[in-house]
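Here is the structure we will look at.
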Amino acid sequence: MEPLYKPEGVEERWQRTWEDEGLYAADLDPGRPSYVIAVPPPNVTGALHMGHALNGTIQDCLIRWKRMQGLNALWQPGYDHAGIATQVVVEKELAKDGLTRHDLGREAFVARVWEWLETYGKVIIGQYRRLGASLDYRRERFTMDEGYVRAVMRFFVHLYRRGLVYRDNRMINWCPRCATAISDLEVHHHELDDTLTYARYPLADGSGHVTIATVRPPTILADVAVAVHPQDERYRGLVGKEAVVPVVERRVPIIADERVEPEFGTGALKITPGHDPVDFEIGREHGLPEPMVIGLDGLMNGEVPGYAGLTQEEAERRVVAWLEEHGQLEKREPYRHSVGHCERCGSRIEPLISEQWFVEMKELAAPAIEAIHDGRVRFTPPVHGDVAVNWLESIRPWNVSRQLWWGHRIPAWYCDCGATLVSETPPDRCAECGDPELRQDEDVLDTWFSSALWPFATLGWPGDTPDLRAFYPGDVNSTAREIIFLWVNRMIMAGLELMGDVPFRDVIIHSTVLAPDGRRMSKSLGTGIDPLDVIDVHGTDATRYGLLKMSSTQDVRFSYGAVEEGRKLANKLWNASRLLLSAGGKEVEARPTSVEERWVLARLDAARAEVEEHFSSFRFSTAASALYHLTFDDFCDWYAEAIKPRLYEKDPDAVATSLAALERLLALLHPVMPHVTEEIWSHFPERAGRLIVAPWPGADSRFADAAGALERVQDAAAIFRRSGVRVALEGEELRIFDAVVRPDRAQVNGNGEAEIERLRKEVARAEAMLANERFLAGAPPEVVEGERAKLARYRRELAALVGDESHQK
RNA sequence: GGGCGGUUAGCUCAGCCGGGAGAGCGCCUGCCUUACAAGCAGGAGGUCGCUGGUUCGAUCCCAGCACCGCCCACCA
């Protein structure tokens, strides 16, 4: 064993060994309770980024811990077909050859996507291996696998039969570039500098005009009304009259509607049901027509002569020029507002009316809200549960159809007779008229429609499989904050609806890892840090430790310092092991004969309890810190230093005890740093099996008394050490090496005086508190007791330095 | 527009129930001690964003303010 621990080679070797020996596998085992986490399926086109690395480490840590605790731990891997994202990638490939998907046709294009995936996709799960992720890789699932497709079809048909999925012609978000509808969650709003145009609409009776304000003058061409607030005094006389829409010179009614905001603009709103969500609602309520002047390509259509094919900018110029020419342009002013964009490609979203499939969500949301409220699903940190519930409470219908080719094709068939048939498999003939000529719906489903089934479709649903019975419901879902609505909520809803139970008990929302400068990690900004690079340089164990150390309830900046700390920990552990193993002992048995040995065993047990507590409550950063200080401060700086002389003498009791202590330490560290601990463990004499499946240390209170015994000695020792005196423990006695501090240094540092000063202040503070009657009356007894104990300790420490002062008064 | 989070040492961040202000890195001092100098021993450094309130006592609870960030959103 070299003095410097080098992870390269070691880590890959253990990753291969563990997997080859089947130690990641979760096989059916009715005798053992299960522990299940399904990895959030990454996009097939994806590569491992820092968020995956952090999330993967968190999940692996839990899985390894539970596996050591003897549970049948299943960490389910797989991929998401990522409909729109994948289609865009392959379309770009085609574009290099000057082709579009339409040149290939649907069938050939989909074949091309599969081909592309075979060659370039599906790399990310392999990258999880470098993280040491103990996923059950044999169970890899894909949302486009045959079995999974069946699950998606079943879900759709199930919802259809329940009347919760339906086809409707209504306002949707259209992305002109992707040429598909997208859901509300896929629309991202950001601020934009725009122009607010004030236009006069003459009254049809010639009695004046009404002025409206708009940011989209081209939509004037599709106006069908002007609306004002019913309580708006300024316009009271106008309601019921008619106004004339500029350019098209159409006579439209002036109506009253509560949704109009009197404070905004002029308080009069032009109504364009075809191109604005609010106007759409108002229009439907007032029975207005719904003309559209903008096409699916984002260009002006042929509805208004002379405008066909114009871009919206061109149309805007023309409309504004018309207004100016006719003296109906009141003013134009700069205006900054929030505008919806396609999250995938960034194009400005075009709200328009289209026939799509929708899922009515309210009925599905209610049980999910209940499950979160009553704690069947708990969020960590809890605030995200409130956010999830808020969203569920105001849920709206979900547009699930996409005008794409890559994805699950909607299982609906249409007959010329007008019938719509929804079924899991293609129907032979029309159920209404018997016609065998049926057309399948051209569209595919939103990617998240299939993702919602992940926790059980991966286990064989809709079949009633042994896996499903053994591993559902799962235990934990660890996820990024931005997919709570898209994914987590929908899994909860789908699980309750189809399985009758929540898919997991705990949802962990991990922190977002920012670049070291606090900006978002992003490829385009060049601020990304590749976790695989960090692993290459610092090792997997160090990276895992660093990520856990960084993780928190809020966003954190990536810190190489935290990774460096992990590397130091691995190296420290390695060297401590060299010391302990060099004594050549064969026995691994706790046979403590001194207080420091009993003490370290007590410490290890206390640390085990702490780590369990931190893991259970998902405080990984705190767990990492606890393990660091256990290893450095307690195990190495105290115990190993104290026991060293007896190891040199090859004292058989000391050697056997040291290996037993090291074994416990390695086990505690394994979930965080699996490779270095397994490597050290493999150097143990006569040791069969692997640490990864070794039992997690049980509670051991045999030496609990020693914790206190040494603490007293240790307190005294700490005081001497602060003064520069070197000490070791012999039995219950504190042995002082260089009995005298080098006088020059003690004076320069003034340590002794400073320490005495500090203790005097502490004693005075504690005495004052204990003399305060209101404190004694108001504080809980254990706090008062705590203060008494502190006072006693401070007095004792002070006495050790200057003699007992209480007798000096 | 609505909601949420943050502000603690030079840097990155902990601080769970109100009672001692902490860690790692960096810096300073002293040590190449037969596991580790990628180490050891010690040290300096803080108005816990600001203002008020509750309390015997506030980094912690409450209110307001400032700044930073995130999420949601149909004021054209």
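What you see below is based on every heavy atom in this structure, not just the backbone, and it leaves out hydrogens, waters and symmetry mates. Below, chains carry the letters A, B, ... as their sequence lines are ordered, and counting in each starts from 1. All values reported here derive from a predicted model rather than from experimental measurement.
- Salt-bridge check for A:R788 with A:E785: passed, with a basic side-chain N closer than 4.0 Å to an acidic carboxylate O.
- In this structure, A:K331 pairs ionically with A:E333, as a charged nitrogen and a carboxylate oxygen lie closer than 4.0 Å.
- Nearest to the side chain of A:H629, among B:A23, B:A38, B:A76, sits B:A23.
- With sequence neighbours left out, the side chain to side chain contact (heavy atoms under 4.5 Å, CB included) criterion links A:R481 to A:H384, A:I484, A:I509, A:T512, A:D555.
- Closest to the side chain of A:H189, out of B:C70, B:C75, B:C74, is B:C74.
- Taking a pair as Watson-Crick or G-U with both hydrogen-bonding distances under 3.5 Å, the stems of three or more pairs touching RNA chain B are B:1-7 with B:66-72, B:10-13 with B:22-25, B:27-31 with B:39-43, B:49-53 with B:61-65.
- A:Y335 comes within 4.0 angstrom of sugar-phosphate atoms only, judged by non-hydrogen atoms across all strands, and of no base.
- Taking atom OH of A:Y628 as the reference point, atom P of B:G24 lies 6 Å away to the nearest angstrom.
- Separating the P atom of B:C16 from that of B:U59 is a span of 13 Å, rounded to the nearest Å.
- The phosphate of B:A14 (OP1 or OP2) has a side-chain N or O of A:S552 nearer than 4.0 angstrom.
- The interatomic distance linking A:M550 (CE) with B:A23 (C1') rounds to 15 Å, in whole Å.
- Using modelled atom types, no side-chain atom of A:T272 and backbone atom of A:H275 make a donor-acceptor pair closer than 3.5 Å.
- Note on A:H384: nothing from the nucleic acid sits closer than 4.0 angstrom, heavy atoms only.
- Qualifying salt bridge (Lys or Arg N to Asp or Glu O under 4.0 Å) partners for A:D194, counting only residues two or more places apart in sequence or in other chains: A:R348.
- A gap of 14 Å separates the C1' atoms of B:C25 and B:A38, to the nearest Å.
- Using a 4.0 Å heavy-atom cutoff across all strands shown, A:V784 reaches no nucleic acid atom at all.
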TODO: Take nucleotides 2-7 of chain B nucleotide by nucleotide from the 5' end and write B, S or -, depending on whether a protein heavy atom sits under 4.0 Å from the base, only from the sugar-phosphate, or from neither.
DONE: --S-S-

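- Atom pair A:E191:CD and B:C71:P shows a separation of 13 Å (rounding to whole Å applied).
- Atom C1' of B:G18 sits at a distance of 39 Å from the matching atom of B:A73, rounded to the whole Å.
- At the heavy-atom level, A:K644 lies under 4.0 Å from base atoms of the strands shown.
- Separating the CD atom of A:E610 from the C1' atom of B:A14 is a distance of 14 Å, rounded to the nearest angstrom.
- The separation between A:L185 atom CG and B:C72 atom C1' is 10 Å, rounded to whole Å.
- Note on A:F635: nothing from the nucleic acid sits closer than 4.0 angstrom, heavy atoms only.
- In this structure, A:R170 forms a cation-pi arrangement with A:F358, its terminal cationic atom sitting closer than 6.0 Å to the ring centre and no more than 45° off the ring axis.
- Here the side chain of A:R619 is nearest to one of B:C16, B:C13, B:A38, namely B:C16.
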Please tabulate, one pair per line, all N/O donor-acceptor pairs under 3.5 Å involving side-chain atoms of residues 771-781 of chain A, not counting sequence neighbours.
from: A:N772; atom 1: OD1; to: A:R774; atom 2: N; distance (Å): 2.8
from: A:N772; atom 1: OD1; to: A:F775; atom 2: N; distance (Å): 3.2

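- Using a 4.0 Å heavy-atom criterion, one finds that A:E263 contacts no nucleic acid atom at all.
- For B:U34 and B:U29, the P atoms lie 24 Å apart once the distance is rounded to whole Å.
- At the heavy-atom level, A:S625 lies nowhere under 4.0 Å from the strands shown.
- Using a 4.0 Å heavy-atom distance criterion, A:S394 is classed as making no nucleic acid contact.
- Comparing B:A76, B:A35, B:C56 by their nearest atom to the side chain of A:C636 picks out B:A35.
- By the side chain to side chain contact (heavy atoms under 4.5 Å, CB included) test, A:A181 pairs with A:I172, A:W174, A:Q356, A:N399, A:Q403, sequence neighbours left out.
- The side chain to side chain contact (heavy atoms under 4.5 Å, CB included) test applied to A:N173 returns A:I182, A:D184, A:V187, A:I349, not counting sequence neighbours.
- We find that NZ of A:K270 is positioned 18 Å from P of B:C74, with the value rounded to whole Å.
- A:P217 pairs in a side-chain contact (heavy atoms from CB on, under 4.5 Å) with only one of the listed residues (A:V319, A:T195, A:L323, A:L329), which is A:V319.
- Using modelled atom types, one finds a donor on one side chain and an acceptor on the other under 3.5 Å when comparing A:E565 with A:Y545.
- Nucleic acid contact for A:R396: base, since at least one base atom lies under 4.0 Å from a heavy atom of the residue.
- Comparing B:A23 with B:G42, their P atoms are spaced 12 Å from each other, to the whole Å.
- Remark: A:E281 pairs with A:R259 by the salt bridge (Lys or Arg N to Asp or Glu O under 4.0 Å) rule, at least two apart or across chains.
- For a distance-only test at 3.5 Å, the side chain of A:R216 fails to qualify as a donor-acceptor partner of the base of B:A76.
- If you check every strand for non-hydrogen atoms under 4.0 Å, A:Y5 touches nothing.
- Residues satisfying the side chain to side chain donor-acceptor pair (under 3.5 Å) test with A:E612, not counting sequence neighbours, are A:R608, A:W696.
- Spacing between B:G10 and B:C27 at atom C1', rounded to whole Å, works out to 9 Å.
- Nearest nucleotide to the side chain of A:H337, out of B:U12, B:A76, B:A35: B:A76.
- Picking from B:U12, B:G24, B:G19 the nucleotide with the shortest atom distance to the side chain of A:F775 gives B:G19.
- Atom pair A:K572:NZ and B:A38:C1' shows a separation of 10 Å (rounding to whole Å applied).
- For the C1' atom pair drawn from B:A21 and B:C72, the interatomic distance equals 37 Å after rounding to whole Å.
- The ring pair (Phe, Tyr, Trp, His ring centres under 6.0 Å) test applied to A:H538 returns no partner, not counting sequence neighbours.
- Its glycosidic angle being within 90° of 0, B:C17 falls on the syn side.
- Which of B:A41, B:G20, B:C75 sits closest to the side chain of A:D637 comes down to B:A41.
- One atom, CD of A:E343, and another, P of B:C71, lie 12 Å apart when rounded to the nearest Å.
- The same atom, C1', is picked in B:G49 and in B:C60; the two are 15 Å apart, to the nearest Å.
- Checked for salt-bridge contact, A:R284 and A:E290 meet the test: a charged N lies under 4.0 Å from a carboxylate O.
- Contacts of A:F280 with the nucleic acid, taken as non-hydrogen atoms under 4.0 Å apart, are absent.
- For the contact set between residues 575-583 of chain A and RNA chain B, defined by any heavy atom under 4.0 Å, the members are A:N575, A:A576, A:R578, A:L579.
- With distances taken from any side-chain atom of A:P277 to the nucleotides B:C74, B:C71, B:C13, the minimum falls on B:C74.
- A:A623 pairs by the side chain to side chain contact (heavy atoms under 4.5 Å, CB included) definition with A:H614, A:F615, not counting sequence neighbours.
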